[in-house]
S.K.: 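Take a look at this one; I'll ask things after.
Proteins come first, then strands; the chains are lettered A, B, ... in the order of their sequence lines, and each starts at number 1. Values below: every heavy atom of this structure, side chains too, minus hydrogens, waters and symmetry copies.
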2 protein chains.
Amino acid sequence: MTEQGRGLEDPPGAAFLLAALGSFATCRFSERAATLGLTPPQIGLLRAIAATPGQSQQAVAELLGMPPSRLVGLVDALADRSLVERRRNPDDRRLHALYVTDDGHATLRQVAAIGREHDDAVCGSLDASERAQLRALLARIAEDHGLTPGVHPGYRRL
Amino acid sequence: MTEQGRGLEDPPGAAFLLAALGSFATCRFSERAATLGLTPPQIGLLRAIAATPGQSQQAVAELLGMPPSRLVGLVDALADRSLVERRRNPDDRRLHALYVTDDGHATLRQVAAIGREHDDAVCGSLDASERAQLRALLARIAEDHGLTPGVHPGYRRL
DNA sequence: TATTGTTATACTCTATAACTATA
DNA sequence: TATAGTTATAGAGTATAACAATA
């Protein structure tokens with residue numbers, strides 16, 4: 001998506017810079033994720049399952065703010081690669097509890113590694129104190145708008 | 001697009017916060033743009049034409065980093081609403097020079113207004129000095145990566 | 001009848017490549 | 001033949017709604 005803020009010559013506002021750099025960062029992260037054969041949504045789901053193991057697909061879909069039908073394809077892709085597994089609940093066979101496998105946890109460690117590389121690549125021009133400052137400012141904004149920590153808001157409906 | 005950075009519980013890195021807040025900001029800006037009947041890409045194009053009047057479609061497409069074929073539909077939409085116009089070059093009738101009309105300039109003033117509202121809504125929890133600090137940090141990162149000032153990078157190929 | 005997960009369908013956005021008109 | 005713009009086609013990603021299985 002291409003979005004403009006103000007004048008091409010005027011100093012852009014913080015919100016426009018946020019949108020532009022966010023798009024840039026997402027694009028770059030997507031490239032790194034591809035080296036693991038994963039897409040950003042797949043990684044988001046894998047991490048969500050690891051954070052809340054044993055939840056139903058509907059519960060995880062709710063946490064991530066996406067329709068359950070979308071989750072199905074994402075879980076399929078991760079399950080095909082044995083990174084997660086669905087376990088039927090014997091007490092209520094409608095429910096599919098989601099778990100990360102050992103392979104999935106190993107992949108999550110690789111994900112953490114590319115996340116650090118990504119962070120260094122994006123914020124390379126800032127020293128440690130500046131990066132902490134940036135993190136603090138961004139975290140304040142995110143909290144102010146009620147964003148779930150660690151969850152990408154995607155383009156969920158309001 | 002949904003992207004995860006690190007753990008849902010670990011403090012996310014600055015790059016992840018950037019992606020998450022950028023997506024959030026884009027979504028919110030898109031809503032404001034809709035009140036003008038415009039999409040973010042249309043606004044980006046309108047602003048680009050205003051910044052470089054009389055350029056060919058190919059030149060503007062190059063500036064924005066999109067294929068010329070994509071520009072056609074965007075220009076059509078803006079031209080249908082008389083916000084921009086194509087003027088054929090009599091010396092080389094293949095060229096369509098792009099100009100913003102008076103209506104287009106009036107719309108750009110409305111765009112500037114919603115841009116300010118948007119900036120206030122997104123950064124409302126920061127005081128003026130913090131917002132300036134944030135802008136400075138983000139501008140450094142953007143410059144470090146060679147982003148064209150005032151132009152949203154979209155998802156252009158590398 | 002209500003709920004979980006799944007599938008089917010349709011729609012939006014975009015890129016690639018073919019096409020036209022001018023040169 | 002080469003270039004500017006346009007149109008056609010196809011693919012990715014996603015939401016909505018219909019459906020099947022289970023309660």
S.K.: Does the side chain of A/H152 reach to within under 4.5 Å of the side chain of A/P40, using non-hydrogen atoms?
M.R.: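 They are not in side-chain contact.
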S.K.: Please report the distance, rounded to the nearest Å, between CG in A/D76 and P in D/dT14.
M.R.: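 Distance, rounded to whole Å: 15 Å.
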S.K.: How close or far is atom C1' of C/dG5 from atom CD of A/E62, stated in whole angstroms?
M.R.: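 The distance from CD of A/E62 to C1' of C/dG5 comes to 16 Å, rounded to the nearest Å.
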S.K.: B/R86 side chain N/O closer than 4.0 Å to the phosphate oxygens (OP1, OP2) of D/dT6?
M.R.: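 Checking B/R86 against D/dT6: at least one side-chain N or O falls below 4.0 Å of OP1 or OP2.
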S.K.: Give me, pair by pair, the N or O atoms of the protein and of nucleotides 19-23 of chain C that are less than 3.5 Å apart, along with how far apart they are.
M.R.:
unit_1: C/dA23; atom_1: OP1; unit_2: B/R93; atom_2: N; d: 2.8

S.K.: Mark yes or no for a side-chain to base donor-acceptor pair under 3.5 Å between B/S69 and C/dT14, with no hydrogen or angle criteria applied.
M.R.: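 Counting by modelled atom types and ignoring angles, no donor-acceptor contact under 3.5 Å is found here.
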S.K.: Within the 4.5 Å heavy-atom criterion, are B/L78 and B/L38 side-chain neighbours or not?
M.R.: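 In contact.
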S.K.: Counting C-beta onward and ignoring hydrogens, is there a side-chain heavy-atom pair between B/H96 and B/R87 closer than 4.5 Å?
M.R.: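 A side-chain contact under 4.5 Å is absent here.
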S.K.: Can you check whether A/Q110 reaches A/T107 side chain to side chain, under 4.5 Å on heavy atoms?
M.R.: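 Yes, close enough: below the 4.5 Å cut-off.
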S.K.: Using whole Å, what does the distance between atom C1' of nucleotide D/dA12 and atom CD of A/Q42 come to?
M.R.: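 It works out to 13 Å between those atoms.
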S.K.: If I take atom CG in residue B/L74 and atom P in nucleotide D/dG5, what distance separates them, rounded to the nearest angstrom?
M.R.: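 Rounding to the nearest Å, CG of B/L74 and P of D/dG5 are 14 Å apart.
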S.K.: Take the protein atom CZ of B/R87 and the nucleotide atom C1' of D/dA4, then report the distance between them rounded to whole Å.
M.R.: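 Between C1' of D/dA4 and CZ of B/R87: 18 Å.
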S.K.: Is it the case that one hydrophobic cluster holds both B/V100 and B/L95, taking links as side-chain heavy atoms less than 4.5 Å apart, direct or via other members?
M.R.: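 No.
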S.K.: Near B/D102 CG, under 6.0 Å, is it more than 12 heavy atoms from other residues, nucleotides or ligands?
M.R.: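 Count not over threshold, so no.
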S.K.: Counting side-chain heavy atoms from C-beta on, which of C/dT4, D/dT14, D/dT6 comes nearest to B/H96?
M.R.: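 That would be D/dT6.
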S.K.: In whole angstrom, give the distance that lies between atom CG of A/L95 and atom P of C/dT3.
M.R.: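 These atoms are roughly 13 Å apart.
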S.K.: Which class fits the ring pair A/H145 and B/F24: parallel under 30°, tilted 30 to 60°, perpendicular over 60°?
M.R.: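 The rings of A/H145 and B/F24 sit tilted, inter-plane angle from 30° to 60°.
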S.K.: Provide, to the nearest angstrom, the distance between the CG atom belonging to A/L71 and the P atom belonging to D/dA15.
M.R.: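 Result: 11 Å.
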S.K.: Would one find a side-chain N or O of B/Q57 under 4.0 angstrom from OP1 or OP2 of D/dA4?
M.R.: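 False: B/Q57 side-chain N/O out of range (4.0 Å or more) of D/dA4 OP1/OP2.
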